[in-house]
Student: 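Before I ask anything, let me first share the structure, which is written out below as structure tokens.
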2 protein chains.
Amino acid sequence: MARRSDHSRDEIKEMALVAGEKIIEEEGYKALTARRVSSAIGYTVGSLYLVFSNLDDLRLQINTRTLDQLLSGLDEVMKRCNTPHDCIKALAREYLRFAQRNELRWLMVFEHKLPAGIETPAWYLNHIEKLFECIDQQFYSLGSVKAQTGSVRAARALWSGVHGICILASTGKLNVVSGETVESVVDTLVDNFLKGWAV
Amino acid sequence: MARRSDHSRDEIKEMALVAGEKIIEEEGYKALTARRVSSAIGYTVGSLYLVFSNLDDLRLQINTRTLDQLLSGLDEVMKRCNTPHDCIKALAREYLRFAQRNELRWLMVFEHKLPAGIETPAWYLNHIEKLFECIDQQFYSLGSVKAQTGSVRAARALWSGVHGICILASTGKLNVVSGETVESVVDTLVDNFLKGWAV
DNA sequence: ACCTGAACACCGTTCAAGT
DNA sequence: ACCTGAACACCGTTCAAGT
């Protein structure tokens with residue numbers, strides 16, 4: 001045993017991330033254990049710690065990949081829309097669509113908390129910040145009179161709201177009235193907020 | 001050893017719930033372990049399983065108590081407000097205030113997920129449902145023309161939105177612009193939404 | 001240099017055995 | 001009847017020892 005060199009460090013890392021993502025999508029956050037991941041890629045537990053500093057590091061890297069996918073989906077949408085109003089609506093729908101299509105992986109991005117005392121790395125928060133900036137931009141384009149002072153705050157408020165609907169829907173707590181779709185709830189929030197904002 | 005009878009079943013249960021709540025508030029969700037709780041109340045691990053069916057049962061019961069506190073806070077607010085508009089705004093602020101004052105316990109209510117395959121008990125979902133109903137009621141009182149068809153959907157949309165702001169703020173992901181308060185973000189969401197709804 | 005596998009200190013949960 | 005404490009099958013993480 002030892003000294004196999006079947007795979008490079010980077011290959012092992014990639015394999016572990018992919019295996020981890022699969023485990024999460026199939027069995028959820030809690031099923032992601034060091035032993036499960038390592039055995040899925042044909043290595044022993046110890047090897048994982050050659051490539052990740054600990055399990056939280058692995059989780060954070062998976063979350064970063066999820067965020068990147070989400071962001072590139074939003075970027076695609078932004079290219080294909082016209083007025084800021086339509087754009088915000090389309091972005092909100094894409095956000096929901098992604099959350100629904102990658103439910104367990106998306107949930108992990110927001111559920112994950114580092115142990116008390118250890119701060120979330122700044123680069124990770126910056127990554128999440130980019131989600132908000134997509135919307136900030138659209139509100140800026142709306143070019144309202146109050147653009148200067150309140151548009152960032154408005155963007156945060158609306159986007160957090162969309163996020164809240166997605167979270168409650170994903171965790172089965174939205175209790176939408178029968179016949180209604182989650183999408184219609186998102187539309188309701190966006191439409192009314194933007195109508196109010198335009199006044 | 002054995003046969004102490006220092007406390008009744010109900011007393012042990014109550015002690016465990018209180019000890020559990022303290023652990024959560026001080027060290028968060030993950031610090032709540034069977035061994036920690038049992039040693040905090042001066043019993044061995046096994047005893048806990050005489051009183052709770054498992055750890056998830058203990059968690060669910062703690063969450064139920066948290067929800068009850070939150071609901072009674074909202075009820076208090078409802079008594080003291082006048083127009084539906086003011087009432088919705090005051091309820092949203094109270095929701096945020098509770099989330100901020102009981103952060104880790106409040107977070108557990110929404111982060112907790114039972115293992116895959118096991119559904120959240122209906123009585124628990126009904127309890128969460130009551131949160132929404134507070135707002136449904138106010139929207140009904142707004143008595144808009146569209147009251148019949150869309151007011152429940154609107155209530156869900158706005159309340160999920162308020163929830164989203166609270167969640168992102170509690171998990172340090174809201175990134176409010178410096179100088180702004182989370183409360184001002186909540187106000188922005190509520191004010192603009194209601195303004196749009198009134199049009 | 002790379003990887004193993006055993007070790008350590010933890011988990012949740014169960015249950016025979018003691019009073 | 002009530003409670004214990006040891007057991008079992010798991011964790012995350014480390015690290016001496018092998019090739």
Side-chain angles (χ1 to χ4, degrees), chain A residues 1-17 19-20 23-24 26-63 108 111-118 120-121, chain B residues 1-17 19-21 23-24 26-63 108 111-118 120:
Chain A
M1 57 214 65
R3 183 143 201 110
R4 291 172 28 177
S5 292
D6 294 347
H7 306 278
S8 74
R9 250 181 144 70
D10 282 347
E11 281 170 337
I12 294 179
K13 197 168 193 169
E14 179 67 20
M15 286 159 66
L17 292 171
I23 291 168
I24 294 162
E26 287 172 358
E27 301 169 54
Y29 186 34
K30 286 173 191 162
L32 187 80
T33 70
R35 283 172 170 86
R36 284 279 315 259
V37 172
S38 55
S39 88
I41 64 173
Y43 280 80
T44 57
V45 216
S47 313
L48 221 58
Y49 289 81
L50 252 67
V51 159
F52 299 99
S53 54
N54 52 40
L55 247 204
D56 273 322
D57 182 25
L58 170 59
R59 294 192 188 108
L60 232 48
Q61 295 205 30
I62 288 180
N63 284 349
M108 192 171 88
E111 278 177 8
H112 181 248
K113 282 258 262 182
L114 292 170
I118 296 168
T120 308
Chain B
M1 58 216 65
R3 185 143 197 111
R4 291 171 29 179
S5 292
D6 294 348
H7 307 278
S8 73
R9 249 182 143 72
D10 282 347
E11 281 170 336
I12 294 179
K13 198 170 191 169
E14 179 68 19
M15 287 160 67
L17 291 171
E21 285 165 349
I23 292 169
I24 294 161
E26 287 172 358
E27 301 170 53
Y29 186 34
K30 285 173 192 164
L32 186 80
T33 70
R35 281 172 172 87
R36 284 280 314 259
V37 172
S38 54
S39 89
I41 63 175
Y43 280 80
T44 56
V45 216
S47 313
L48 222 57
Y49 289 81
L50 251 68
V51 160
F52 300 100
S53 53
N54 52 40
L55 249 204
D56 274 322
D57 183 25
L58 170 60
R59 293 192 188 110
L60 231 47
Q61 296 205 29
I62 288 180
N63 284 349
M108 192 171 86
E111 278 177 9
H112 180 248
K113 283 257 261 182
L114 291 169
I118 296 167
T120 308

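Reckoned from all heavy atoms, side chains included, excluding hydrogens, waters and symmetry mates. Lettering of chains follows the sequences in order, A, B, ..., and the numbering in each one begins at 1. Please read these numbers as outputs of a predicted model, since none were measured by experiment.
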Student: When the distance from CD1 of I12(A) to C1' of dC2(C) is rounded to whole Å, what number comes out?
Tutor: 9 Å
Student: When the nearest nucleotide of DNA chain C is assigned to G46(A) and to D56(B) on a heavy-atom basis, which residue is associated with the more 5' position?
Tutor: G46(A)
Student: Distance check needed: dT14(D) C1' versus L48(A) CG, whole Å only.
Tutor: 13 Å
Student: In whole angstrom, what separates D57(B)'s CG from dT13(C)'s P?
Tutor: 10 Å
Student: What is the distance, to the nearest angstrom, from the CG atom on D6(A) to the P atom on dC2(C)?
Tutor: 13 Å
Student: Taking 4.0 Å as the cut-off, does a side-chain nitrogen or oxygen of S47(A) come that near to OP1 or OP2 on dT4(C)?
Tutor: yes
Student: Testing the basics here: between V37(B) and A16(B), what is the closest heavy-atom pair and its distance to 0.1 Å?
Tutor: CG1-O, 3.8 Å
Student: Taking side chain to side chain contact (heavy atoms under 4.5 Å, CB included) as the test, write out the residues that go with D57(B), two or more places apart.
Tutor: F52(B), S53(B), N54(B), Q61(B)
Student: Between Y43(B) and dC3(D), is there a contact of a side-chain N or O with OP1 or OP2 at under 4.0 Å?
Tutor: yes
Student: With sequence neighbours excluded, give me every salt bridge (charged side-chain N to carboxylate O under 4.0 Å, His left out) pair touching residues 36-51 of chain B.
Tutor: E27(B)-R36(B)
Student: Looking only at non-hydrogen atoms, find the nearest pair between M108(B) and N63(B) and report the distance.
Tutor: CE-OD1, 3.2 Å
Student: According to side chain to side chain contact (heavy atoms under 4.5 Å, CB included), who are the partners of D10(B), at least two apart in sequence or on a separate chain?
Tutor: S8(B)
Student: Please report the distance, rounded to the nearest Å, between CZ in F52(A) and P in dT13(D).
Tutor: 12 Å
Student: Please list each protein N or O that sits under 3.5 Å from an N or O in nucleotides 10-12 of chain D, with the distance.
Tutor:
from	atom 1	to	atom 2	distance (Å)
dG12(D)	OP1	A34(A)	N	3.2
dG12(D)	OP2	A34(A)	N	3.1
dG12(D)	N7	R35(A)	NH1	2.4
dG12(D)	O6	R35(A)	NH2	3.0

Student: Expected output check: what is the dot-bracket annotation of DNA chain D, where ( ) and [ ] are pairs inside the strand (brackets for crossing ones), | is paired with another strand, and pairs are Watson-Crick or G-U under 3.5 Å?
Tutor: ||.|||||...|||||.||
Student: Testing the basics here: between A31(B) and I23(B), what is the closest heavy-atom pair and its distance to 0.1 Å?
Tutor: O-CG2, 3.5 Å
Student: Nearest-Å distance, CG (L50(A)) to C1' (dT14(D))?
Tutor: 12 Å
Student: A side-chain contact here means heavy atoms from C-beta on lying under 4.5 Å apart; do I12(B) and Y43(B) qualify?
Tutor: yes
Student: Applying side chain to side chain contact (heavy atoms under 4.5 Å, CB included), name anything that partners L55(B), two or more places apart in sequence or on another chain.
Tutor: A34(B), L58(B), R59(B)
Student: H7(B) NE2 to dC3(D) P: how many Å, rounded?
Tutor: 9 Å
Student: Is there a side-chain contact (heavy atoms from CB on, under 4.5 Å) between S38(B) and V45(B)? Walk through the geometry before answering.
Tutor: CA-CA 5 Å; S38(B) 54; V45(B) 216; 4.3 Å; yes
